[in-house]
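These numbers come from a predicted model, not from an experiment. When a ligand or atom number is given, it counts from 1 through the structure's own listing order.
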Amino acid sequence: MARRPLVAGNWKMNGLTASVGELERIIAGARSLAQSATKVDVVVCPPATLIAGFAKAASGTAVTIGGQDCHPLASGAHTGDVAAEMLRDAGARAVIVGHSERRRDHGETDALIRAKALAARRAGLMAIVCIGETRDERDGGQTRHVVAGQLDGSLPETDPDAAANIVVAYEPVWAIGSGLTPMPGDIGEVHDFIRARLCVRFGETGHDVRILYGGSVKPANAKALLAVENVDGALVGGASLDAAEFLAIAGIYR
Ligand code: 13P
């Protein structure tokens with residue numbers, strides 16, 4: 001099965017109701033992309049406050065809306081948290097889990113992230129599971145070790161069926177928001193490593209799991225980054241806030 005490319009925008013803690021205009025520009029661009037030969041899945045993950053409105057605006061279009069986090073449980077006494085079922089009810093079809101900013105700001109562990117990925121599956125959401133090493137870990141030659149540990153600890157289980165709604169996003173922490181990226185060859189090495197590990201875990205199904213690259217993806221570098229083997233798309237932060245920039249990145253697949 002050929003893996004269909006996926007370009008997802010992570011808006012992080014940015015955006016107000018007025019930002020729906022930006023989404024509408026993304027929707028218009030994605031409509032024309034959808035008519036090109038190579039199909040690319042386009043996902044926008046706004047903050048939780050905007051999910052319902054954005055999902056309404058994107059309904060029936062080529063753009064899917066996702067959340068940025070979810071709680072492992074479906075409901076309960078967890079003030080301020082949002083369940084995967086609530087995201088789904090609001091119109092989301094995907095959710096990012098384990099982003100390094102949540103690992104850092106909220107002390108999220110691999111075990112918690114696995115529980116969140118399982119919650120996403122339970123609710124019928126695609127889980128975009130984020131992993132990636134810090135600068136110190138890369139400099140210390142620990143990249144493979146860190147990525148392997150996060151993969152093994154954060155992905156749901158060995159059941160190949162579980163792989164169907166999982167996307168892995170490799171985001172080196174030091175590349176996020178810094179304007180720095182690894183060399184394409186270094187990205188390829190990590191993505192090949194992740195692919196091999198997914199195949200050990202899920203068997204043949206491991207070939208179907210999309211592996212996104214994230215960290216300072218911009219229109220200027222997207223072509224080189226997305227051409228790397230086993231890079232099946234991008235998780236875009238800053239550049240996804242601007243429809244023209246985000247569409248230029250997704251448009252690489254045109
Ligand atoms: P930037 O594209 O702003 O570096 O952010 C990447 C990211 O963290 C996406 O989840």
J.: For L155, is there any backbone N or O sitting under 3.5 Å from a side-chain donor or acceptor partner on R114?
T.: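 Flag set: sc R114 to bb L155 pair under 3.5 Å.
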J.: Give yes if a backbone or side-chain nitrogen or oxygen of K218 is under 3.5 Å from a nitrogen or oxygen of ligand 1, and no if not.
T.: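 K218 vs ligand 1: no N/O contact under 3.5 Å.
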J.: What atoms of ligand 1 come within less than 4.0 Å of a heavy atom belonging to G215?
T.: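 Here the atoms of ligand 1 in question are 4 (O), 6 (C).
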J.: Look only at the side chain of R88 and the backbone of G124, and say whether a donor-acceptor pair between them is shorter than 3.5 Å.
T.: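 At least one qualifying donor-acceptor pair exists.
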J.: Just jot down the ligand 1 atoms closer than 4.0 angstrom to any heavy atom of L235, in number order.
T.: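 The atoms of ligand 1 under 4.0 Å from a heavy atom of L235 are 9 (C), 10 (O).
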J.: Would you confirm whether R25, through its side chain, and D242, through its main-chain N or O, come within 3.5 Å as a donor-acceptor pair?
T.: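 Pair absent, no side-chain N/O of R25 close to backbone of D242.
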J.: Would you say K56 has more than 12 foreign heavy atoms packed within less than 6.0 Å of its NZ?
T.: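 For K56, atom NZ is not crowded (no more than 12 foreign heavy atoms under 6.0 Å).
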J.: Considering only heavy atoms of K12, which atoms of ligand 1 have at least one such atom less than 4.0 Å away?
T.: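 Ligand 1 atoms under the 4.0 Å threshold to K12: 5 (O), 6 (C), 7 (C), 8 (O).
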J.: Is S216 close enough to touch ligand 1? Criterion: a residue heavy atom under 4.0 Å from a ligand atom.
T.: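 Yes, that is the case, since the closest heavy atom of the residue is under 4.0 Å from the ligand.
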J.: Sub-3.5 Å donor-acceptor pair from the side chain of E137 to the main-chain atoms of T134, do we have one?
T.: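 Such a contact is found between E137 side chain and T134 backbone.
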J.: Taking only residues at least two apart or on different chains, which pairs with a member in residues 229-240 satisfy salt bridge (charged side-chain N to carboxylate O under 4.0 Å, His left out)?
T.: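 Listed once each, the pairs are R3-D232, R195-D232.
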J.: Return the closest protein heavy atom for atom 2 (O) of ligand 1 as residue, atom name and distance.
T.: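 The answer is G237 N, 2.9 Å.
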J.: Of the protein's non-hydrogen atoms, which lies at the shortest distance from atom 3 (O) of ligand 1, and what is that distance?
T.: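 Atom 3 (O) of ligand 1 sits closest to the protein heavy atom G238 N, 2.8 Å.
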J.: Can you list, pair by pair, the side-chain donor-acceptor contacts under 3.5 Å of residues 168-185, counting residues two or more places apart and other chains?
T.:
unit_1 : atom_1 : unit_2 : atom_2 : d
Y170   : OH     : E133   : OE1    : 2.8
Y170   : OH     : E133   : OE2    : 3.1
Y170   : OH     : R138   : NH2    : 3.2
E171   : OE1    : H99    : NE2    : 3.1
W174   : NE1    : E133   : OE2    : 3.0
S178   : OG     : W174   : O      : 2.8
S178   : OG     : A175   : O      : 3.3
S178   : OG     : L180   : N      : 3.1

J.: Return the closest protein heavy atom for atom 7 (C) of ligand 1 as residue, atom name and distance.
T.: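 That would be E171 OE2, 3.1 Å.
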J.: Can you find an N or O of V236 that's nearer than 3.5 Å to an N or O of ligand 1?
T.: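 No - when backbone and side-chain N and O of V236 are compared with those of ligand 1, no distance drops under 3.5 Å.
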